[in-house]
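Below is one structure, written out as structure tokens; comments come after it.
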There are 2 protein chains.
Amino acid sequence: MTTHTSIQHLNDDERERFTATVELIGKRWSAGILVAIAKDAHRFSEIANVVSGLSDRLLAQRLRELEIAELVVREVIPSTPVQVRYHLTESGADLLRAMEPVIEWGHRWRPERDA
Amino acid sequence: MTTHTSIQHLNDDERERFTATVELIGKRWSAGILVAIAKDAHRFSEIANVVSGLSDRLLAQRLRELEIAELVVREVIPSTPVQVRYHLTESGADLLRAMEPVIEWGHRWRPERDA
DNA sequence: CTGGATCCCTATCGATACTG
DNA sequence: CAGTATCGATAGGGATCCAG
């Protein structure tokens, strides 16, 4: 079993899983939704408010995809009315952590402006 | 000027640039193309051969997008016949380096099989 | 509040054929 | 070799309305 960490040495299988991961969270809104949840937006409407431009339909769809990918868990709280909360899974939180160098990359190469 | 590295502390502007980056390389084939170039496939046809399933049309389109994003440079060598070679820019290579933790994430959470 | 169902439009895709 | 042009099919997207 040989696993590689550097891009240059990826074998075909690793490359495919790498691109699959990137393409999953690269889908429109996915990354924004994950970041929103990480920033403590756990309710459906909270996420919708944080990620501007995102429609209810797409939010529901993306949440389902992220749940299937086991990056997010959906928790139903049987209160009245029923509450639904979304959380990052361990792997979801870990993926965001793994993406942090990309943020630094953005600071290095896409400085533009700073709010 | 306050820049943040952790996902939780991203401000709106940083979050948008982060998602824009992720969505760019998350477009279908983009990551695969970048990896192929990193792995020494510099000719158009070489890249097409390495990334299986990718059509000429999409390859040309993605290369243009990646060039516009300054992740890739197109070099035209005036030989006969003309040669065209694609290379990663500094920022492109740096972005791939920044993505390496995502590969490790794949090993941790998407082990499946190893070729 | 949290979505599902529909409608309709546009973007994107893959295949094929063609060119300097 | 390195693309471009065109086309028909499909997927993705926004808006709106509706429901538990």
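The figures that follow rest on heavy atoms only: side chains count, while hydrogens, waters and symmetry mates do not. All chains are named by letter (A, B, ...) in the order of the sequence lines, taking the proteins before the strands, and each is independently numbered beginning at 1.
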Nearest-Å distance for atom pair CG/P, residues A/Leu59 and D/dG13: 13 Å
Using heavy atoms and a sub-4.0 Å distance, could you list which residues of residues 29-36 of chain A are near DNA chain D? By number, please. A/Trp29
Within residues 46-86 of chain B or reaching into it, pairs that qualify as ring pair (Phe, Tyr, Trp, His ring centres under 6.0 Å) - sequence neighbours excluded: none
Check whether any side-chain N or O of B/Glu14 sits under 3.5 Å from a backbone N or O of B/Asn11 as a donor-acceptor pair, and report yes or no. yes
Side chains of A/Ile7 and B/Glu100: closer than 4.5 Å at any heavy-atom pair? yes
Side chain to side chain donor-acceptor pair (under 3.5 Å) involving B/Trp29 - partner list, sequence neighbours excluded: none
Could you give the CD-to-C1' distance, from B/Glu23 to C/dT12, as a whole number of Å? 16 Å
Who are the side-chain contact (heavy atoms from CB on, under 4.5 Å) partners of B/Leu24, not counting sequence neighbours? B/Ala69, B/Leu71
For A/Glu104, enumerate each residue passing the side chain to side chain donor-acceptor pair (under 3.5 Å) test, keeping only those at least two apart in sequence or located in another chain. none
Polar atoms only, N or O, under 3.5 Å: list the protein pairs with nucleotides 18-20 of chain D and their distances.
none

Here the ring pair (Phe, Tyr, Trp, His ring centres under 6.0 Å) pairs for residues 41-60 of chain B, sequence neighbours left out, are B/His42-B/His87
What is the distance, rounded to the nearest whole Å, between atom CG of B/Leu24 and atom C1' of C/dT12? 16 Å
B/Ser91 side chain vs B/Glu70 backbone, donor-acceptor pair below 3.5 Å: yes
Within the 4.0 Å limit for protein heavy atoms, which parts of nucleotides 1-7 of chain D are touched? Write it as a string from 5' to 3', B for base, S for sugar-phosphate only, - for none. SSBS-B-
Separation of B/Leu58 atom CG from C/dT16 atom P, in whole Å? 15 Å
Between A/Pro101 and B/Ala98, which heavy-atom pair has the shortest distance, and what is it? CB-O, 3.4 Å
Contacts satisfying ring pair (Phe, Tyr, Trp, His ring centres under 6.0 Å) that involve residues 48-69 of chain A (not counting sequence neighbours) are none
Write out all pairs satisfying salt bridge (charged side-chain N to carboxylate O under 4.0 Å, His left out) with one or both partners inside residues 33-57 of chain A, taking only residues at least two apart or from two chains. none
Just jot down the side chain to side chain donor-acceptor pair (under 3.5 Å) partners of A/Arg62, sequence neighbours excluded, or say none. A/Glu65
Flag yes if B/Val73 and B/Leu59 sit in one hydrophobic cluster, no otherwise; membership is Ile, Leu, Val, Met, Phe, Trp, Tyr, and two members link when side-chain heavy atoms are under 4.5 Å apart. no
Protein-nucleotide distance (A/Glu65, atom CD; D/dA11, atom C1'), rounded to Å: 12 Å
Taking five pairs at each terminus, the helix from C/dC1-D/dG20 to C/dG20-D/dC1 shows an axis bend, to 10°, of 50°
